[in-house]
Amino acid sequence: MEEGDEYRRWDELIPDALGLIFRNLSLQEILTMVPRVCKSWSRAVSGPYCWQEINIEEWSTRCHPDHLDRMLQMLITRSCGSLRKLCVSGLHNDTNFSFLADHAGSLQTLRIPRSDISDSIVEQIAGRLSTVTFLDVSYCNKISGRALEAIGKHCKLLAGLCRNMHPLDTEGLEAQDDEAYAIATTMPKLKRLEMAYHLVSTESLLQILSSCTNLEFMDLRGCWNVNLDNKFFKEKFQKLTVLGPLVMEDYYEANDWEEDCSEYSDDSDYLAWGFLAGDGGDYDDDESYDEMWDDEGRLEELELRFYEGADAGLYGWPPSP
C-alpha cells in the first residue's frame with residue numbers, strides 16, 4: 001500500500017487471508033467468478049482455504065462420470081489435506097473412493113450416496129477414514145455388512161450413519177441382518193441412525209438398541225419386519241426419537257440433528273465450472289469444455305456478472321449487463 005492511501009487494495013492481501021474471505025461465498029461464485037477478477041484472487045482460490053468443505057452432491061447426480069472424476073480430483077487436490085466435509089453422489093468406481101481416502105486426514109463428514117463402491121475397497125481403505133464422525137452410504141447397493149463392520153472398527157468417532165435403501169431394491173426380499181449386527185457390534189457411539197426401507201428384523205434392531213446406548217434418533221420407515229410399537233420405545237428409550245416403521249410424512253421437519261444430515265447448501269446449485277476442470281492455472285483459456293456445459297444443461301440459468309471483453313466469448317458467456 002502506497003503511503004497516504006486510505007484503504008488497502010484487496011489484491012494485495014495475502015492468499016491465505018483472501019481464501020478465508022472467499023469461504024463465505026457460494027461454491028459457484030468461487031469457481032466461476034472469483035478466479036477471473038485478477039491473478040491474485042485466482043491464486044487464492046487455488047489454495048486450500050476455500051476447499052475445506054465441498055458439496056457437489058446435486059451437480060454430481062446429473063454430470064458425466066468422466067467430468068465428475070476430473071472435478072472431484074481437482075477440488076480434493078486443492079484442499080491439500082484440509083478437507084473436512086465432502087458431499088458427492090454416484091462415485092462410479094472404487095478408484096474414486098480410494099483417491100478421496102488418500103486425502104481424508106481431516107475428513108469429518110462424508111456423504112457418498114448412490115455410489116458403486118464395493119466391500120473389498122471399503123475394507124482396504126477404512127483405516128484412512130478414522131476421523132469421520134458422520135457417514136452417508138445410502139443406496140450403495142454393492143456393499144454389505146462387511147463394509148459396515150470395517151467402517152465401525154476403524155471409525156471410532158462415528159456418531160451418525162445413513163444407510164437408507166430404495167424400497168424397490170428391497171421389495172419382496174427376506175430379512176438380512178448382517179448390516180444391523182455390524183452396526184451393533186462396532187458402532188457404540190452412534191447418536192443418529194437412518195435405515196429406511198432396510199431389511200432388518202426385530203431381533204437385530206434390539207441388538208442395535210442394546211449396544212448403541214447413545215442413540216437419539218432412528219429412521220426405520222419402511223422396515224416392515226420390525227414389530228416394536230411406539231409404547232415400547234417410549235417406555236424403554238425415553239430420549240430416543242423414532243420414525244417408522246410405518247412411513248411418515250414431513251420427515252425432514254423433524255430431521256434437525258445437524259445440518260450435515262438434512263440440508264443442502266446453495267453451493268451445489270447448478271455449478272457451472274467446466275472450464276476449471278483442467279485446473280490449468282491462472283488463465284488457461286486454450287481448452288474447450290463444451291461437453292461439460294452441455295452435460296450440465298443449465299448454462300442459460302447462470303447469472304454471470306462483471307465479465308467483459310473478449311474473454312466472455314471464449315465460453316459462450318453473455319455480455320455483462
Side-chain angles (χ1 to χ4, degrees), residues 57-63 65 68 87-93 97 109-119 122 134-149 151-152 158 160-184 187 190-209 212 215-233 237 240-258 260-264 268:
E57 188 167 352
E58 183 176 342
W59 176 80
S60 60
T61 60
R62 60 175 179 272
C63 74
L68 175 59
C87 304
V88 57
S89 178
L91 297 180
H92 57 91
N93 57 50
F97 190 47
T109 297
L110 178 60
R111 300 185 61 144
I112 51 172
R114 302 176 183 84
S115 294
D116 290 332
I117 56 175
S118 64
D119 283 333
V122 174
F134 178 83
L135 177 66
D136 185 350
V137 286
S138 299
Y139 321 115
C140 297
N141 296 324
K142 293 185 179 180
I143 63 173
S144 65
R146 286 174 50 196
L148 295 187
E149 182 178 3
I151 291 169
L158 195 66
L161 175 67
C162 290
R163 185 65 179 121
N164 301 311
M165 301 297 289
H166 195 285
L168 294 180
D169 293 331
T170 57
E171 183 179 11
L173 300 179
E174 298 294 330
Q176 297 175 354
D177 292 323
D178 60 327
E179 295 190 17
Y181 286 127
I183 293 170
M187 303 180 186
L190 281 183
K191 294 183 179 180
R192 180 184 188 89
L193 176 62
E194 298 185 17
M195 300 185 69
Y197 294 98
H198 219 284
L199 298 173
V200 292
S201 65
T202 303
E203 181 181 0
S204 64
L205 178 61
L206 288 173
Q207 187 68 38
I208 292 176
L209 292 174
C212 305
L215 275 173
E216 300 174 356
F217 177 87
M218 290 186 68
D219 181 3
L220 300 176
R221 293 171 304 154
C223 296
W224 311 121
N225 295 319
V226 174
N227 296 312
L228 298 176
D229 58 22
N230 292 333
K231 183 178 179 181
F232 171 83
F233 284 112
F237 308 97
L240 177 61
T241 300
V242 179
L243 290 182
L246 297 179
V247 176
M248 298 182 65
E249 297 180 356
D250 300 327
Y251 163 57
Y252 286 107
E253 292 183 4
N255 188 0
D256 59 355
W257 182 66
E258 64 170 305
D260 292 328
C261 305
S262 62
E263 296 182 3
Y264 293 96
S268 60

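Residue numbers run from 1 in the order of the sequence given. What you see below is based on every heavy atom in this structure, not just the backbone, and it leaves out hydrogens, waters and symmetry mates.
- With a 4.5 Å cut-off on side-chain heavy atoms, Leu158 and Leu190 count as touching.
- Each of Val122, Leu110, Ile143 was evaluated against Val137; a single residue qualifies, Ile143, per the side chain to side chain contact (heavy atoms under 4.5 Å, CB included) test.
- Using modelled atom types, no side-chain atom of Asp136 and backbone atom of Pro113 make a donor-acceptor pair closer than 3.5 Å.
- When all heavy atoms of Asp177 and Ser204 are compared, the pair lying nearest together is OD1-OG, 2.9 Å.
- When all heavy atoms are compared, the tightest approach of Asn141 to Met165 is OD1-CE, 3.3 Å.
- Distance check: Ile183 CD1 to Glu149 CD gives 11.5 Å after rounding to the nearest 0.5 Å.
- Counting all heavy atoms, side chain and backbone alike, Val242 lies closest to Leu220 at CG1-CD1, 4.0 Å.
- Atom CD in Glu58 sits 10.5 Å away from atom OG in Ser89 (nearest 0.5 Å).
- Thr109 contributes no side-chain N or O that, together with a main-chain N or O of Phe134, makes up a donor-acceptor pair within less than 3.5 Å.
- Pairing each heavy atom of Ile208 with each of Leu215, the nearest pair is CG2-CD1, 4.0 Å.
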### Query
Under the side chain to side chain contact (heavy atoms under 4.5 Å, CB included) criterion, do Leu148 and Asp178 qualify, and how do the steps go?
CA-CA 9 Å; Leu148 295 187; Asp178 60 327; over 6 Å; no
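- Summarising the geometry of Cys223 relative to Met195, their closest heavy-atom pair is SG-O, 3.1 Å, with the distance given to 0.1 Å.
- Looking only at distances, a side-chain donor or acceptor of Thr202 sits under 3.5 Å from a matching main-chain atom of Asn225.
- Annotation: side chain of Tyr139 is in contact with side chain of Asn164 (closest heavy-atom distance under 4.5 Å).
- Interatomic distance, Cys63 SG to Leu68 CG, rounded to the nearest 0.5 Å: 4.5 Å.
- If you take SG on Cys162 and CD on Glu194, they are separated by 3.5 Å, rounding to the nearest 0.5 Å.
- His166 contributes a side-chain N or O that, together with a main-chain N or O of Leu168, makes up a donor-acceptor pair within less than 3.5 Å.
- The distance from atom CG of Asp119 to atom NZ of Lys142, rounded to the nearest 0.5 Å, is 11.5 Å.
- Distance alone, capped at 3.5 Å, is enough to place a donor-acceptor pair between the Arg163 side chain and the Cys140 backbone.
- Here the shortest heavy-atom pairing between Trp224 and Pro245 reads CZ3-O, 3.6 Å.
- A distance of 11.5 Å separates OG in Ser60 from CD1 in Ile112, rounded to the nearest 0.5 Å.
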